[in-house]
Structures are given as structure tokens and as C-alpha cells.
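Lettering follows sequence order; numbering is per chain, from 1.
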Amino acid sequence: MLGVKEQMEVIKRGAVEIIPEEELLRKIKNSIKSGKPLRVKQGFDPTAPDIHLGHTVGLRKLRQFQELGHKIILIIGDYTGMVGDPSGRSITRPQLSYKEVRENAETYQKQFFKVIDKSKTEVHFNGEWFSKMSFQGIIQLASKFTLARMLERDDFSNRYSKQVPISLHELFYPLMQGYDSVAIKADVEIGATEQKFNLLTARQIQQEYGVKPQVILTLPVLPGTDGVQRMSKSTGNYIGIDESPKQIFGKIMSVPDDLIYPYFELLTDVSSEELKEIKNDLEKKEKNPMDFKKRLGIKIVSMYHSEKEALEAKKEFEKVFSKKELPEEIPIYELRYEKPKIWIVKLLTMTGLVSSSSEARRLIRQGGVYLNGKRVDDENLEISVEEEKVLKVGKRKFLKVISA
RNA sequence: GGAGGGGUACCCAAGUGGCCAAAGGGAACAGACUGUAAAUCUGUCGGCGUAGCCUUCGGAGGUUCAAAUCCUCCCCCCUCCA
């Protein structure tokens, strides 16, 4: 096991706050002395079935704790998932059914272990304790906190002042998360900065239940591919770690240039010297940001697939978008049509390339439809059904149409 | 229980009888440009074989030549008082 100083250095990298830092020092010291690893907790609510790069910021930190010899406790919030975390939210989250949550949890676990080491991880569903909690227990838990303190949160107070509804069950979320820490006796809990309130509430709840309070460690929130909102599945600005190499690479390339540095910092292992260099180069603007993005894309795809696939994805990207050639693999559509000729608009809607014929006409007018590499400029074009053809809609949609 | 304010397209939001398929912004999509699925600029953004029609402003009825807009009932949200 590494010494206190060395451990702290690893732990502090990329962290925003450690509260209280002295307490963490003490805990690590004790852990080294006693040989007992720290219990480091992070919870995830399985609201959407996919883990994306935003989740990996925390998971990677857990991984580092593992490498330092500590115990990771992963809480899968099957019960908290039914409430929905109000953190950073301006509206009530849609409530999920228990069944949905359990199904998502399955997928989650598979993906977790692409980042962290399964053999050194303890997994709990918080239903383990919440499903057994009596109403009496709930009253007891609720009595540990006051409304005034709850309303200190700016997400709640914003909603309240903007007259956006806050349901009572949402108030339970921080209490439940706190109780998780009681149940598993967490020494450290990590979470994104927007989790600070929940994380701090847990400290208080732990003390109320006679458990030593945890140290909290916050990490930056990862912006999504739009460069503005936090990465999340519901806003559609995410990159899932289970996506194909091509998709991950392509999405990295579509990220605004400003995100290049934060992504390198939060999502990859590049050394701090290398990071500095990247920052300098980006600021000087002498080098092409595209090349940094390619490097980033290769790094990230390599982590979740392989280096070989990463290089292939890069090649494919250059082929399709830089050279504007046809991609390596094009999906095939088998066309069944009773007449020898088919109207182009009809074909586009039939194949699902566009959702309505108005849209098809619009795209043709805008010059976004290609047939066998030639731009289609006639909305009334009739094309032969027999002949094999390749359709391109916009920059990214390709389809090979063959007659069935 | 009483009083008042609201519900408009994917999201925010304007519209209080016809000029409303509905301003503006965001998102999305297309094109141009390039350094890329970045940035910027331009355009599109309910549906229908494009031609005028059809469907849409919380829901159901009604008034009117004409309703997002007026009337009735209902549902939902917010605020204040109790």
C-alpha cells in the first residue's frame, strides 16, 4: 500500500472538493496502520439503461481507489431510482416502475465492470434495506432533517420561486441517499459537484444514526456533446461506453472544440505533463484542433474497445467525412414494390430514411439527397426498382437499396 | 374551503374573433464554407404525389359565416388566505 502522501495525490487528481480533507488524511492513516481498506461508495440510479462517459468520471475515480487497495461499494439505486434525484433538476423526474429500474440495473452492472474491477467491488441494491423499512422507520428517517434545510438547495428554491411543482417524495431523495451511507458504513462517498447537497446530507444522517460520517469527494460535471448541458441520456448529448467504435469516435469528433481539454482531463489517463502540453497547444491555436480530437477519439475508443478498432474508426471517419467517400459498411434495404419504377419521395419514406414525404421533399429541395453519388434535384424523380442503388441523406445516412 | 393566476408545437415562450399551421428563442435537420459530425453564415422545421385540402393551441361540448382567442362543464398546475 502506498503512503498517505502518495495516496492523497492520486485521490486529489481531478477532484473539485474534499470535505473535510483532514478527515480523509486521518482515515487513510488509520487504514494504512490497521491494514483495513476504506469503504468508498458511489451510487447510481438506473434511470436509463446505458452508462455513458459522464458516469465514467466517477467510475474512474473509484477505479483509482481500488488500485490504492480500497474497497468500492457500488449502490444501485433501485429504490432511489423510483424517486429520481432532484439535483440540478428544474422539474420532477418521471417516475420509473420497479420493473424498469431492475431491468436497467442488469445492463448497468455489465457496463460498470468495463471501468472498475469486479473482484474488488461490493454491489448493493438499496432496496435491500428500503424494501424492509417500515413506515415507522420512514417517519424516523424523515424526522432527522428539516424543511428549511431542504429548501436551502437551490434546485428546490428555484423551483419553488418559479412556481414549478415539487412533489413531496422528492424531498426523500437526499435522506435515502444518506441512509445508504448508514447501511453500508461508508468512509468516503464520491459524486459530481451537483451532488454536494446529497453527499453532505448523508454526513448528517450518518451521525444521527450513530455512524461515523463519511468524507465527501466531488468531481466536475462532464458537459455533453452539445458543450452546454451536462451529459445525460435524457438530453441526448451523451456518448455511451457500449456504443460502437464508429459511433464513439464520430461523437467525439462532433464535440465543440472547447471540450477537447476537459475531456482529456476527465476521461483519459494522459499524464499531467501531457495535459499541460495539450492545453498550451490548444491555446496557441497553431495546431489543428481536429487532430487533438482524433487523438482523443482514439484514446477513448481504445479504452472501451481496442486500439485496433479505434484506428479503424478513425480511418472510416476520414474516409466518409473528409474524403466524402462511401463508408465501409452500408445497411441494406430490400425493396418490394409492385411497379417497375418508384417515386423518390416514396422510396425515402418507405426505407425510413425520412419520417414524412414533406420532409423528403424538403431535403431534396435543400440538396441533401444523393442517389448513387449524384445530387437529386427533382422532387418528382422516378427511379427503377430493379437496379441496385445507394442513397445518401444528409452527411451521415447511407442506405443500399436492392430489389427483393 | 375562499380568492386569484396558468396549461400553446420537441423545449421555453408570444398570441384575447378572421391577416394563425400559429411571432421570437433554443434544440434538431439541410446547404455553403472549412479544419471535422467543431465554429460561422444561410435556409428548413404538422401531414398529404405540392394541390389545395386535412389535423393541431389541456379535455368534452356550444356560440359564430369564421375560435388558440367568446360561453358551459371537466381535468391538471401554481400563488395567497384559512
Rounding to an integer number of angstrom, what distance separates [N] and [M] when you compare their [atom1] atoms?
N	M	atom1	value
B/rC20	B/rC54	C1'	16 Å
B/rG26	B/rU40	P	11 Å
B/rA82	B/rU72	P	30 Å
B/rA13	B/rG24	C1'	8 Å
B/rU56	B/rU69	P	12 Å
B/rC70	B/rG17	P	8 Å
B/rG61	B/rU55	P	14 Å
B/rU42	B/rC33	P	16 Å

Quiz item: A/Arg39 pairs by side-chain hydrogen bond (donor to acceptor under 3.5 Å, both in side chains) with which of A/His70, A/Glu122, A/Gln214, A/Glu189?
Solution: A/Glu122
Quiz item: Out of A/Glu67, A/Arg60, A/Lys61, which one pairs with A/Gln64 under the side-chain hydrogen bond (donor to acceptor under 3.5 Å, both in side chains) rule?
Solution: A/Lys61
Practice problem: Working to the nearest 0.5 Å, report the span between CD1 of A/Ile330 and NZ of A/Lys397. | Solution: 15.0 Å
Atom [atom1] of [X] and atom [atom2] of [N]: how far apart are they, to the nearest Å?
X	N	atom1	atom2	result
A/Lys392	B/rC29	NZ	P	15 Å
A/Leu348	B/rA30	CG	P	13 Å
A/Glu325	B/rU36	CD	P	14 Å
A/Met350	B/rC48	CE	C1'	17 Å
A/Arg396	B/rG31	CZ	P	12 Å
A/Ile383	B/rG49	CD1	P	16 Å
A/Leu296	B/rA37	CG	C1'	15 Å
A/Gln366	B/rG43	CD	P	11 Å

Could one point to a donor on the side chain of [X] or the base of [N] with an acceptor on the other under 3.5 Å away?
X	N	value
A/Gln229	B/rG26	no
A/Asp257	B/rG35	yes
A/Arg361	B/rU50	yes

Quiz prompt | A/Glu9, CD atom: more than 12 neighbouring heavy atoms under 6.0 Å | solution = no
At under 4.0 Å between heavy atoms, what does [X] touch on the DNA or RNA strands: base, sugar-phosphate, or nothing?
X	answer
A/Pro289	base
A/Gly250	base
A/Lys293	base
A/Thr225	nothing

Now, which nucleotide makes the Watson-Crick or G-U wobble pair with [N], with each of the two distances under 3.5 Å?
N	answer
B/rU69	none
B/rA22	none
B/rG1	B/rC81
B/rA38	none
B/rG43	B/rC29

Self-check item: Proximity to the side chain of A/Leu363 - top-ranked nucleotide from B/rA30, B/rG49, B/rA37
Solution: B/rA30
Quiz item: Which nucleotide in the set B/rG31, B/rA30, B/rA38 lies at the smallest distance from any side-chain heavy atom of A/Ser254?
Solution: B/rA38
Self-check item: Proximity of A/Phe292 and A/Phe264 rings by center, below 6.0 Å
Solution: no
Quiz item: Taking the six-membered ring for Trp, are A/Phe125 and A/Phe130 ring centroids under 6.0 Å apart?
Solution: no
Quiz item: Hey, which of these two, A/Lys324 or A/Lys251, hits RNA chain B nearer its 5' end, going by closest nucleotide?
Solution: A/Lys324
Quiz item: Taking the nucleotide of RNA chain B with the closest heavy atom to each, which residue, A/Asp258 or A/Asn380, is nearer the 5' end?
Solution: A/Asp258
If you compare every side-chain N and O of [X] against the phosphate oxygens of [N] (OP1, OP2), does one of them come in below 4.0 Å?
X	N	value
A/Arg362	B/rG47	yes
A/Ser356	B/rC48	yes
A/Arg375	B/rA32	yes

Quiz item: For A/Phe321 and B/rA37, is the gap between ring centres under 5.5 Å while the planes differ by less than 30°?
Solution: no
Quiz item: Is there side-chain contact between A/Val369 and A/Arg375, with at least one heavy-atom pair below 4.5 Å?
Solution: no
Quiz item: Does a donor on one side chain sit under 3.5 Å from an acceptor on the other, for A/Gln204 and A/Thr201?
Solution: no
